[in-house]
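One structure below.
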Amino acid sequence: MPAHSATYLALLITCVACRAPPVPLDDIVIEQTVVPEQCERAVKVGDFVRYHYIGTFPDGKKFDSSYDRGSTYNVYVGKRQLIPGMDKALVGMCVNERRLVKVPPQLAYGKEGYGDIIPPDAVLHFDVLLLDVWNPEDSVAVRTYHRPEQCGRSVQVSDFVRYHYNGTLLDGTLFDSSHTRLRTYDTYVGIGWLIAGMDQGLLGMCVGERRVISMPPFLGYGENGDGSDIPGQASLVFDVVLLDLHNPKDSISVEGQVVPEPCPRRSKVGDFMRYHYNGTLLDGTFFDSSYSRNSTYDTYIGKGYLIAGMDQGLVDVCLGERRRVIVPPHLAYGEGGTDRVPGSAVLVFDVSVVDFHNPSDTVQITTTFRPETCDLRSKKGDLVKYHYNATLMDGTFIGSTHSFGKTHDVLLGTGQVVFGLDMGLTDMCVLEQRSLVVPPHLGYGERGLVGEVPGSAVLLYDIEMMAMEEGLPEGYMFVWNSEVSPDLFGEMDRNQDGHVDSAEFTDYIIREVNEGKGRLAPGYNMYHIIDNMFSNQDRNGDGKITAAEFKLKADEPPVRDEL
């Protein structure tokens with residue numbers, strides 16, 4: 001066949017097709033133009049739907065549009081509230097599905113048409129987008145997509161909760177979010193403060209749980225919507241994460257106790273306590289820690305210096321105990337919160353008790369070893385030589401004489417050591433061993449010792465008395481051990497010039513001490529003592545003692561005379 005003949009035939013076929021009469025529709029024709037990836041629910045007879053549409057004739061001329069009216073078309077399906085073709089076309093649709101529906105006249109407005117809008121025997125095209133579907137028999141639907149491993153408590157009626165949420169319509173349109181306001185939604189559950197669907201959907205949730213709560217409009221904002229972002233007859237979907245939960249009747253709760261053994265004493269109201277803590281909200285959000293400040297929290301307990309819940313939670317604990325104290329907001333910072341704690345927040349404190357004492361405490365002395373023979377006991381004025389290991393009550397090392405390889409030598413009752421240690425070293429035997437618990441008011445007090453002992457710290461000493469030198473009676477710096485020479489002045493005046501100078505006086509006293517005839521007060525510089533004795537005898541201060549100036553202490557017994 002020639003090429004021009006083939007071209008003529010093609011044109012002929014095209015023209016015949018152009019003149020062909022339209023094929024009448026026996027039923028609706030559906031073309032799915034947009035199909036969503038997920039379809040959790042398809043329309044069935046009896047459902048209520050909300051959809052947008054554009055109605056056109058086959059030539060594209062528009063006769064109606066819900067978009068032009070600015071509102072969806074809301075109707076029951078299969079209840080003769082629609083033309084028969086649309087009643088059929090909507091069945092099986094999914095939310096966010098879009099369909100092009102061609103409806104023959106017998107399933108539309110038939111031979112009569114519809115006034116001046118729809119002519120008789122008109123085929124109608126509808127571009128339909130389904131936005132919502134629900135049924136009067138629906139209830140709240142809950143889908144949990146994250147649940148914490150531990151859930152000691154779940155939401156019940158009358159509980160107070162704090163949660164974040166995103167609220168959308170069924171087609172995904174966002175209408176509200178607590179996240180955009182940067183604050184949780186805080187409310188009571190089950191007492192009518194929420195829409196009915198949320199009152200039901202939050203029940204049974206755990207802190208940290210995430211769930212999607214879906215509800216039909218009659219459990220949401222009903223026929224009228226909220227007058228703003230939620231249209232009437234709209235299903236609602238809330239994506240919720242629960243952050244906090246308590247009941248106004250709650251008291252504190254204590255969990256995760258680690259109690260040391262033994263526990264000879266438990267804290268009581270009025271004690272002063274040093275403890276470390278980490279503070280978090282119930283969902284684990286950190287708000288404070290003593291560890292970050294590298295310092296314990298030091299305070300009286302049970303006297304109102306703490307929030308009420310911690311005042312309760314720190315009573316009846318043992319030294320070294322660890323516990324978790326959960327405090328409801330009405331025993332913490334209440335509805336107002338603080339700059340770091342939101343209002344109505346439950347607080348969780350993980351506490352480690354470092355030490356505690358009472359202002360009425362004295363030194364606790366425990367003898368761990370005492371020799372069988374103990375004729376001489378230490379007292380004020382004695383020079384004692386002892387070894388010690390010193391720690392805080394939690395075992396933190398403070399110091400030890402063993403590190404230096406020599407004893408610590410102190411004169412009891414002269415303030416050379418903290419008062420509590422002075423007390424613990426008194427009335428000891430040589431080789432006796434003791435354990436001392438020294439409260440801070442008998443130790444280093446509120447200020448502590450910079451770089452070594454924290455303020456208000458209880459101290460633990462393990463001590464062993466290694467040697468002791470008996471002190472002199474109070475008020476004496478030198479005593480004779482034997483009868484005093486009747487020519488004491490003459491013995492001092494070695495050159496017999498009628499006066500005793502400082503060198504003669506010093507030589508004589510040292511000789512008497514070395515020969516065991518006299519004794520200087522231990523723990524002092526002997527030259528300072530001797531200089532002081534000389535000054536006391538040199539009554540006119542001319543640097544020499546005459547026989548007229550020289551005299552013994554009048555009230556001293558004969559064998560214990562002192563210069």
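Just so it is clear, the model here is predicted, and its values are computed rather than measured. Residues take their numbers from the sequence shown, with the count starting at 1.
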Item to check | Pair L331-I252, side chain to side chain contact (heavy atoms under 4.5 Å, CB included): steps then yes or no | outcome: CA-CA 8 Å; L331 296 176; I252 67 165; 4.0 Å; yes
Do [X] and [Y] have side chains that approach each other closer than 4.5 Å (heavy atoms only, starting at C-beta)?
{"X": "E209", "Y": "L202", "result": "no"}
{"X": "Y508", "Y": "V500", "result": "no"}
{"X": "V351", "Y": "M273", "result": "no"}
{"X": "M423", "Y": "V438", "result": "no"}
{"X": "Y277", "Y": "V325", "result": "no"}
{"X": "V161", "Y": "M205", "result": "no"}
{"X": "V207", "Y": "L243", "result": "no"}
{"X": "I326", "Y": "S253", "result": "yes"}

Item to check | Residue of the set Q433, H408, R434, E432 for which side chain to side chain donor-acceptor pair (under 3.5 Å) holds with Y386 | outcome: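 Among Q433, H408, R434, E432, the one that satisfies the side chain to side chain donor-acceptor pair (under 3.5 Å) with Y386 is H408.
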Any chance [atom1] of [X] has more than 12 other-residue heavy atoms, nucleotides or ligands included, within less than 6.0 Å?
{"X": "Y145", "atom1": "OH", "answer": "yes"}
{"X": "K385", "atom1": "NZ", "answer": "no"}
{"X": "Y527", "atom1": "OH", "answer": "no"}
{"X": "Y305", "atom1": "OH", "answer": "no"}
{"X": "R447", "atom1": "CZ", "answer": "no"}
{"X": "R183", "atom1": "CZ", "answer": "no"}
{"X": "Q416", "atom1": "CD", "answer": "yes"}
{"X": "R494", "atom1": "CZ", "answer": "no"}

Under the side chain to side chain contact (heavy atoms under 4.5 Å, CB included) test against [X], which residue among [options] passes?
{"X": "D422", "options": "V384, L412, V410, T414", "answer": "L412"}
{"X": "H387", "options": "K406, M465, H402", "answer": "H402"}
{"X": "T299", "options": "L314, L306, D311", "answer": "L306"}

Taking atom [atom1] of [X] and atom [atom2] of [Y], what is their separation to the nearest 0.5 Å?
{"X": "D507", "Y": "I509", "atom1": "CG", "atom2": "CD1", "result": "10.5 Å"}
{"X": "I529", "Y": "N532", "atom1": "CD1", "atom2": "CG", "result": "8.5 Å"}
{"X": "T296", "Y": "Y291", "atom1": "OG1", "atom2": "OH", "result": "10.5 Å"}
{"X": "I301", "Y": "Q312", "atom1": "CD1", "atom2": "CD", "result": "11.5 Å"}
{"X": "R147", "Y": "L242", "atom1": "CZ", "atom2": "CG", "result": "10.5 Å"}
{"X": "L236", "Y": "F175", "atom1": "CG", "atom2": "CZ", "result": "4.5 Å"}

Item to check | Under 3.5 Å side-chain donor-acceptor pair for H164 and S178 | outcome: yes
Checklist entry - Side-chain donor-acceptor pair under 3.5 Å between H499 and D501, yes or no? => result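 Per modelled atom types, H499 and D501 side chains form no pair under 3.5 Å.
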Please confirm whether the backbone N or O of [Y] pairs with a side-chain atom of [X], one donor and one acceptor, at under 3.5 Å?
{"X": "D462", "Y": "Y388", "value": "no"}
{"X": "D538", "Y": "S535", "value": "no"}
{"X": "R211", "Y": "G201", "value": "yes"}
{"X": "T180", "Y": "D176", "value": "no"}
{"X": "D355", "Y": "V458", "value": "yes"}
{"X": "N495", "Y": "D497", "value": "yes"}
{"X": "E469", "Y": "L383", "value": "no"}
{"X": "D493", "Y": "Q496", "value": "yes"}
{"X": "H246", "Y": "V327", "value": "no"}
{"X": "S378", "Y": "M428", "value": "yes"}

Next on the checklist: One pair to check against side chain to side chain contact (heavy atoms under 4.5 Å, CB included): V259 and R266. What are the steps and the verdict?
Outcome noted: CA-CA 11 Å; V259 182; R266 291 181 177 272; 4.2 Å; yes
Next on the checklist: Under the side-chain hydrogen bond (donor to acceptor under 3.5 Å, both in side chains) definition, can you give me all pairs with a residue in residues 316-325, not counting sequence neighbours?
Outcome noted: Q257-E321, E321-R323, R324-D350
Next on the checklist: Is the ring pair H441/H357 parallel, tilted or perpendicular, if the boundaries are 30 and 60 degrees?
Outcome noted: tilted
Next on the checklist: In terms of relative ring orientation, are Y163 and Y185 parallel, tilted or perpendicular, with 30° and 60° separating the classes?
Outcome noted: tilted
Checklist entry - Stepwise, does the side chain to side chain contact (heavy atoms under 4.5 Å, CB included) test hold for F478 with L520? => result CA-CA 4 Å; F478 173 84; L520 292 167; 3.5 Å; yes
Checklist entry - Do H276 and S352 pass the side-chain hydrogen bond (donor to acceptor under 3.5 Å, both in side chains) test, and can you show the C-alpha distance, the side-chain angles, and the key distance before you say yes or no? => result CA-CA 5 Å; H276 271 303; S352 176; over 6 Å; no
Checklist entry - Less than 4.0 Å between a side-chain N and a carboxylate O, is that true for R153 and D159? => result yes
Checklist entry - Would the Y300 and F356 ring centres measure less than 6.0 Å apart? => result no
Checklist entry - Under the side chain to side chain contact (heavy atoms under 4.5 Å, CB included) criterion, do K268 and N358 qualify, and how do the steps go? => result CA-CA 9 Å; K268 62 184 185 296; N358 196 278; 3.8 Å; yes
